[in-house]
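Below is one structure. I have some questions about it.
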Amino acid sequence: MRVLLRRGFFYLITAWAAISLNFLLPRIMPGDPADALIEKFHGKLTPAAVQALRVLFGQGHASLWQQYVDYWHNVFTGDFGISYAYYPTPVSDVLGQSIGWTLVLISVCTVLGFVIGTGLGMIVGWKRGSWLDSLIPITTLLSSIPYFWFAICVVLLFAIVLHWFPLSGGYAVTETIGFNWGFISSAVYYAALPALTIVVASIGGWLIGMRNMMITTLSEDYVKLAEAKGLPKRRVMFTYAARNAMLPSFSSFAMSLGFVVGGSIVTEVVFNYPGIGTVLFKAAQAQDYPLMQGIFLVITVTVLVANMLADLAYVFLDPRTREG
Amino acid sequence: MAINVATVQEVESTDSVVSSRFGWLRAFRRPLTLTGVIIVAIFCVLAIIGPFIAPYDPSSVSKATLQPPSPEHWLGTTQTGQDILSQMLYGTQVSMIVGVLAAVFATVLSVVVGLAAGYLGGISDEILSLLANIFLVIPALPLTVILAAYLPKTGSFGIILVISITGWAWGARVLRAQTLSLRKRDFVEAARATGERTTSIIFRDIFPNQVAVIAASFLGTVTGAILTQASLAFLGLTNVTEWSWGTILYWAQVSSALLTGSWWWFVPAGAAIALLGTGLSLVNFGIDEFINPRLRQAGIGTRKAQRAQVRPTRLKAPRRSRREARASVSGGRTGDVILQINGLEVDYVGEGSTTKAVNDVTLTLRRGEVLGIAGESGSGKSTLAHAITRLHKPPAWISAGEMLYQRDDGTVVDILTMGDEELRRFRWEELAIVFQSAMHALNPILSIGKQIEDAITAHRPSMSASERAARVLELLDLVGIQTDRAGAYPHELSGGMRQRAMIAVGLALDPEIIVMDEPTTALDVVIQRQIVEKIIELKDRLGFSVIFITHDLSLLIEMSDTIAVMYAGRVVELADAKEFYRNPRHPYSRGLLGSFPTLSGPKRELAGIPGSPPDLRHPPSGCAFNPRCPLAFDRCTVVVPPLFALSGEAEWRQAEAACLLYEGGGTVPDRASVHETDERLIEEAR
Amino acid sequence: MTTAEMTVTRDRAEPGAAVLEARHVTKEFVVRGNPFTRRGRRVVHAVDDVSLVLYAGRITALVGESGSGKSTFARLLAALHPLTGGEVVYRGEVVDAKGGKRFRDHVSRVQLILQDPFGSFNPVATIARTLLRAVRIHHKAASPAQRRSIIEDLLAQVSLRPAAQFTRKYPHELSGGQLQRISIARALAADPDVFLADEPVSSLDVSIRLGVLNLLRRLTEERRVALLYVTHDIASARYFAADTAVMYAGQLVEHGDSEQVTQNAAHPYTQLLIASAPDPSRAVENRVRDIGQPPSLIDPPSGCRFHPRCPFAMARCSEEAPPKFAVDDGQWARCWLYADDDEAAAGRAQNADLYGRGEIRRAGRPVPDGEL
């Protein structure tokens with residue numbers, strides 16, 4: 001229990017640090033982006049929007065502390081200002097419309113990538129020294145490919161040359177968003193290619209990590225003893241070798257998750273998928289700072305929650321962490 | 001502890017990859033690593049000479065728009081007629097500079113933070129680690145995007161800064177952990193005790209031992225930085241008029257190269273990133289295998305041994321000897337042969353050379369007997385223990401011999417010819433093993449009760465859950481563990497309790513034979529005594545036979561019926577334990593026995609054995625002991641002595657010694673002359 | 001510079017004179033809990049009020065199980081950890097090793113030799129490099145050529161000849177015995193007065209242990225240095241050390257002449273240790289009935305720390321820590337059995353009976369606190 005409390009405390013600090021960083025960045029950056037933005041919109045902004053922008057960049061008259069308090073108030077009420085890329089939609093609405101797409105796509109793909117990659121890594125590690133080892137250079141190549149470029153290649157092959165899947169978007173325009181069969185099947189159909197990209201590109205890392213840990217674990221005495229006990233091979237592989245070999249994968253989940261999320265976000269751009277990534281791309285193009293900050297916050301908090309879940313799983317898997 | 005070192009040595013001496021000054025060069029001999037090095041080198045060269053060999057100005061437009069690859073434009077042209085090959089060559093320079101510089105900054109940052117946190121410890125460690133962990137869990141790309149978006153587009157330098165700020169944390173964490181473990185290593189403490197300054201310790205002891213890890217972290221960061229730069233450029237967050245692999249992809253995406261089918265526009269840039277990334281990862285594998293010897297073992301070098309293990313070999317017939325005749329007596333009474341090992345040989349297959357770790361070993365184990373095997377590090381005793389249970393792993397393999405096991409009903413099987421399933425059923429049901437370190441031999445994530453139950457479930461599938469649970473409790477009680485500890489995990493038990501748990505696991509199926517490989521070496525004497533007494537008590541009660549392996553001859557003499565002394569892979573003396581203690585025959589046994597200080601009785605003069613055990617890769621000719629033997633004569637360097645039977649002993653525990661002194665009617669040196677040589681030895685040892 | 005000049009630079013104490021002395025040395029390690037609330041903060045009482053004297057040219061053994069605090073005690077004498085209480089006295093002066101200069105001064109007089117020869121060398125440095133670093137620290141004025149000859153001389157003193165055969169090698173290319181000799185050579189570079197050898201041979205094969213121990217004994221006698229031999233092997237203490245001190249759970253429980261302590265142990269723990277050690281030379285088979293284990297040093301038992309395991313424990317053993325009782329010439333034990341009363345006498349009779357000794361021991365004389 002104490003472990004969980006400590007980890008929870010750590011995540012609170014991290015969330016606080018990330019959110020405060022988000023507050024601080026616009027204030028410490030050189031140049032004057034606010035004026036540049038206001039200039040760009042040629043007076044199309046309402047006075048309220050101009051005011052909001054000045055507040056974002058700390059140009060208001062309130063003290064820094066007051067600004068900070070207001071900022072926290074805004075974070076908790078979900079008020080991130082108004083998006084310029086989607087003017088005059090509030091940032092929270094833009095986020096609300098796109099977050100669901102990304103969440104479903106990435107969580108499904110990350111879990112799939114982890115399960116398949118770790119599973120394959122387990123088998124390759126178990127049969128070390130066999131022909132399966134020749135998979136390693138291939139998976140290395142796969143894991144070094146930029147996600148978005150792989151996405152481009154996939155689109156070229158499956159959408160443009162073969163016409164098996166749609167080129168871009170999240171669902172057929174003929175469908176209405178809602179909980180109906182037509183929409184869901186269309187969404188799944190449209191998500192197939194982005195999902196394929198993310199899963200294939202993320203498998204390599206998990207596979208190699210697991211293979212190496214598996215080999216290290218296999219020379220442990222307890223695996224040898226399990227064999228000596230005459231346990232069935234499957235039991236030795238799963239309960240003795242794999243369950244122990246998997247633990248480091250879980251503890252390095254944090255880094256890998258950030259990596260996968262980052263890669264997936266850029267992948268969305270290629271598919272023009274209606275998720276956070278595409279929005280981020282548009283925001284970056286339009287220098288829509290409020291939107292970018294909102295996206296950063298949402299992604300960070302989501303990743304933190306995912307990490308916490310991974311930590312929970314770790315505590316469940318490894319009895320040694322349960323005390324002290 | 002002593003034997004940890006011993007067993008590690010035993011394995012590593014056969015396949016040691018040295019960490020000497022140029023040892024790391026060996027890592028590059030692996031074809032994969034070499035490929036990686038070549039790829040990286042080519043890219044480095046291109047990055048330097050790229051702009052000079054580019055055929056066109058990458059930004060100049062021409063009328064030849066969207067041309068596929070042709071002799072004029074090897075990689076085709078863009079929508080505005082720019083030459084893609086030239087863009088690629090210029091881009092290589094920018095991407096590589098960003099990647100390498102960002103990695104240099106990030107690595108320097110992580111080395112400083114990692115070393116400081118690890119070496120200083122205390123509150124500074126607490127704060128630095130927290131900082132690193134925070135940077136680790138904050139997803140890097142969105143943060144990078146934000147930072148890059150806020151920075152005025154000053155070009156690559158800003159990007160380098162941003163990438164190094166977001167990319168140092170992982171390396172710092174790894175290096176901190178490394179430093180922490182290095183700081184606890186003896187050589188750091190030794191340096192402190194010599195009076196070294198802290199800075200000198202950090203730069204000469206800690207830092208050089210982390211070079212491989214730092215290099216790995218550096219190369220990984222280069223890959224990451226190039227990928228990140230490409231992503232940022234692709235999102236249009238860098239200066240898009242500066243050619244890099246990422247900006248090429250950006251323009252391709254913005255100009256809908258995909259829809260026009262201009263594959264040549266975006267394929268080269270992505271392929272270059274992937275290829276360079278692969279090259280760097282391959283180099284990193286080389287480093288990984290260099291750091292982690294276990295990965296090395298799984299490498300290609302051991303193919304031969306692996307095949308040897310997979311292939312069900314017909315072993316060459318063991319050397320026939322008269323001992324075999326004795327093996328085939330039937331029946332189930334105490335004193336009858338239960339395991340007969342004939343001419344067993346175990347080889348370690350190394351790169352180009354083969355080492356015999358166990359050489360022509362013939363042993364007999366009788367029902368209810370404790371057979372003690374004594375030997376120092378490198379004597380092959382642990383390899384023998386593993387071979388008996390067929391648990392040896394490549395690069396070790398059994399090249400000759402037979403191991404005849406006699407079942408209760410009198411049928412005899414050769415353990416070495418058993419198929420997988422037969423072997424699985426044989427193991428634990430008939431023969432169990434107890435390892436030296438219970439800490440390592442128990443699965444850390446399963447409760448001890450579960451680990452006992454596992455063995456029962458595997459062999460007695462018909463047993464009900466409640467019967468199994470009852471059996472687990474019975475076993476725990478038997479070895480002296482409170483039954484309410486069945487749910488305890490190994491880390492929750494003390495060293496002695498863990499070893500008891502190990503024994504309970506071993507007894508789960510009432511085996512006929514238990515092989516005990518240094519079961520008490522890691523324990524303190526008082527706990528060792530508790531465990532040994534328990535083993536003897538259980539053996540008397542349950543009637544199993546024990547093969548007890550240890551380097552501690554005193555302990556072995558106390559608890560064994562028969563003793564086999566091993567030296568350099570061979571059994572050099574075989575005798576009744578009490579008789580052995582009174583009158584050891586082999587000069588090695590004599591020297592060994594003379595090395596142990598005694599607690600009771602008058603103090604006798606101790607004599608060690610000069611020299612050190614032989615290197616099995618280059619064993620001495622003739623008798624392996626001859627360079628250390630005080631009684632050696634010319635023929636000892638020529639003839640490998642077999643075991644000679646010694647006269648006047650008990651009938652079925654006849655003493656044997658592998659020494660030319662006992663050849664046929666050879667003269668056995670009388671005690672007086674032996675004492676003289678002992679005296680000389682004492683002088684020498686001083 | 002000749003060999004003789006280089007090796008004997010320090011004026012030696014007379015044989016038998018006290019060189020290094022621990023007075024009531026105490027060490028507590030703090031296990032940090034939560035840095036903010038200080039919850040979970042625990043104190044490990046690793047060494048508790050230990051007094052011991054090391055004499056020039058004499059070997060003193062410190063025997064105990066793992067976790068008894070014996071290695072920590074050696075490190076305290078080497079000033080590698082700060083003391084929590086008590087003091088270390090070197091030739092009559094209280095040691096103050098705070099700060100780099102004073103620490104190095106102390107270290108040049110008191111050298112530690114570690115247990116694991118394979119671990120105590122930097123794996124990426126040659127032997128020459130490792131030795132050179134030690135020589136540089138302790139022979140600052142020497143020229144490079146002199147340093148080389150010092151290294152050769154050091155290796156010659158530990159019987160590693162020719163030096164060139166070892167200096168160019170890396171640690172993994174040498175055997176454990178050779179490495180341990182080089183460890184000793186490294187310690188000799190400082191030309192110390194005191195050697196603290198922490199289990200110097202327990203990682204080595206039995207057949208080569210004796211050579212290393214004999215080397216240490218020779219150096220002790222020739223150079224008149226004091227040697228603390230820390231070991232778990234009480235039998236080797238009998239052969240190797242003049243005096244033996246026995247440590248249990250951070251405290252000294254018995255001290256005396258080695259032959260006396262091993263042949264006529266007074267403290268029940270020492271007796272248990274001896275009865276447990278494997279020894280085929282033992283005439284009578286005594287079955288040990290002990291099932292206990294050493295106590296936690298975070299929360300040690302009250303009174304005598306051995307009382308929960310002691311077959312002769314009396315009521316007072318759990319209440320009050322026993323003082324030292326002088327039980328024989330130069331031998332003392334920290335045990336209530338040697339108090340001069342009827343209950344203790346009965347305990348002594350029971351003790352003699354259990355270990356099959358004909359003669360029942362006499363009561364001891366309480367030793368005043370100041371006397372060592």
Side-chain angles (χ1 to χ4, degrees), chain B residues 1-2 5-6 16 18-21 123 126 185-187 189-197 200 204-205 208-209 211 376-377 480 494 496 524-530 532-533 551-555 557-558 581 591-592 595-601 603 606-610 612-613 685-686, chain C residues 35 65-66 78 80 100 103-104 107-108 111-112 114 116 118-125 133-134 137-138 170 172-173 175-177 183 186 190 202-211 214 218 232 234-236 238-239 262 272-274 276-283 287-288 290-291 293:
Chain B
M1 283 262 68
V5 176
S16 81
V18 289
S19 59
S20 66
R21 177 156 296 189
I123 195 77
E126 205 96 24
R185 292 274 293 277
D186 279 354
F187 66 86
E189 181 147 50
R192 278 190 70 206
T194 321
E196 296 273 7
R197 286 164 203 279
S200 162
R204 292 183 180 187
D205 289 318
N209 279 294
V211 168
E376 298 180 273
S377 52
S494 69
D524 279 314
V525 275
V526 180
I527 309 292
Q528 163 172 296
R529 173 62 56 181
Q530 296 170 5
V532 163
E533 307 243 313
H551 70 287
D552 189 344
L553 203 54
S554 318
L555 178 67
I557 290 168
E558 270 193 38
Y581 179 63
L592 203 55
S595 305
F596 277 95
T598 52
L599 259 176
S600 38
K603 257 162 108 166
L606 294 185
I609 306 175
S612 36
R686 286 201 160 192
Chain C
E65 291 176 277
S66 52
L80 287 177
F103 171 69
R104 274 191 293 284
V107 154
S108 74
Q111 280 282 318
L112 182 69
L114 296 172
D116 174 15
F118 295 100
S120 47
F121 286 88
N122 187 341
V124 299
R133 285 171 65 186
I137 295 169
H138 299 290
Y170 284 88
H172 69 271
E173 296 172 283
S175 74
S183 282
R186 169 164 62 183
S202 52
S203 309
L204 304 179
D205 272 323
V206 180
S207 70
I208 48 183
R209 282 181 190 174
L210 214 58
N214 283 336
R218 197 194 73 207
H232 67 274
I234 194 167
S236 74
R238 178 191 182 200
Y239 274 77
T262 50
L272 172 66
L273 206 57
I274 289 169
S276 302
D279 184 18
S281 63
R282 200 172 1 239
R287 296 239 130 178
V288 184
D290 175 74
I291 49 146
Q293 46 189 322

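In the text below, chain A, chain B and the rest are named by the order of the sequence lines, each starting its count at 1.
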Does any heavy atom of chain C fall under 4.5 Å from the side chain of B:Ile557, the backbone, both, or neither of them?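 The side chain, not the backbone.
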
Measuring heavy-atom distances to chain C, does B:Gln528 have an atom under 4.5 Å in its side chain, in its backbone, in both, or in neither?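 Side chain of B:Gln528 only, per the 4.5 Å heavy-atom cut-off to chain C.
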
Among C:Val206, C:Val107, C:Ile234, which has the most heavy-atom pairs under 4.5 Å with chain B?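 Max contact count across the listed options: C:Val206.
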
What's the shortest heavy-atom distance between C:Leu273 and B:Val526, and which atoms?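 Heavy-atom minimum between the residues: CD1-CG2, 3.9 Å.
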
Looking at C:Leu80, is its backbone amide N or carbonyl O close enough to the side chain of B:Arg192 to form a donor-acceptor pair, meaning the two atoms are under 3.5 Å apart?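 Yes; judged by distance alone, with no hydrogens or angles, the pair exists.
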
Please report the closest heavy-atom contact between C:His138 and B:Thr194, naming both atoms and the distance.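 Scanning both residues, the minimum pair turns out to be NE2-O, 2.8 Å.
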
When you compare the side chain of C:Leu114 with that of B:Glu189, does any pair of heavy atoms fall below 4.5 Å?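 They are in contact (side-chain heavy atoms under 4.5 Å apart), so the answer is yes.
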
For B:Ala193 versus C:Gln111, what's the shortest heavy-atom pair and its separation?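 In this case the closest contact between B:Ala193 and C:Gln111 is O-NE2, 3.4 Å.
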
Rounded at 0.5 Å granularity, tell me how far CD in B:Glu196 sits from CZ in C:Arg133.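 That separation rounds to 4.0 Å.
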
Examine whether an atom of C:Phe103 lies under 4.5 Å from a heavy atom of chain B, and if so say whether it belongs to the side chain, the backbone or both; otherwise answer neither.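 For C:Phe103, the contact with chain B is made by the side chain alone.
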
Could you check if a side-chain atom of C:Thr262 sits within less than 4.5 angstrom of a side-chain atom of B:Lys603, using non-hydrogen atoms only?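 A side-chain contact under 4.5 Å is absent here.
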
Is the number of heavy atoms from other residues, nucleotides or ligands within 6.0 Å of CZ (C:Arg104) greater than 12?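 Counting other residues, nucleotides and ligands, CZ of C:Arg104 exceeds 12 neighbours.
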
Examine whether an atom of C:Glu65 lies under 4.5 Å from a heavy atom of chain B, and if so say whether it belongs to the side chain, the backbone or both; otherwise answer neither.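 Backbone plus side chain of C:Glu65, per the 4.5 Å heavy-atom cut-off to chain B.
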
What part of C:Ile274 gets within 4.5 angstrom of chain B, counting heavy atoms only: side chain, backbone, both, or neither?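 Contact with chain B: backbone and side chain both.
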
Please classify the contact of C:Ala78 with chain B as side chain, backbone, both or neither, using a heavy-atom distance under 4.5 Å.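 Neither part, no heavy atoms under 4.5 Å.
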
Shortest non-hydrogen contact from C:Ile208 to B:Ile609?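 That closest heavy-atom pairing would be CG2-O, 4.4 Å.
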
Sort out for me which of B:Leu553, B:Leu555, B:Val211, B:Thr598 touches chain C most, counting heavy-atom pairs under 4.5 Å.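 If we count pairs closer than 4.5 Å to chain C, B:Thr598 comes out on top.
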
Shortest non-hydrogen contact from B:Leu599 toward C:Arg238: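 Shortest heavy-atom separation between B:Leu599 and C:Arg238 comes out as O-NH1, 3.0 Å.
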
So, for C:Ser207 and B:Ser595, which heavy atoms are closest and what is the spacing to 0.1 Å?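 Answer, listing the atom of C:Ser207 first, then B:Ser595: CA-OG, 3.9 Å.
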
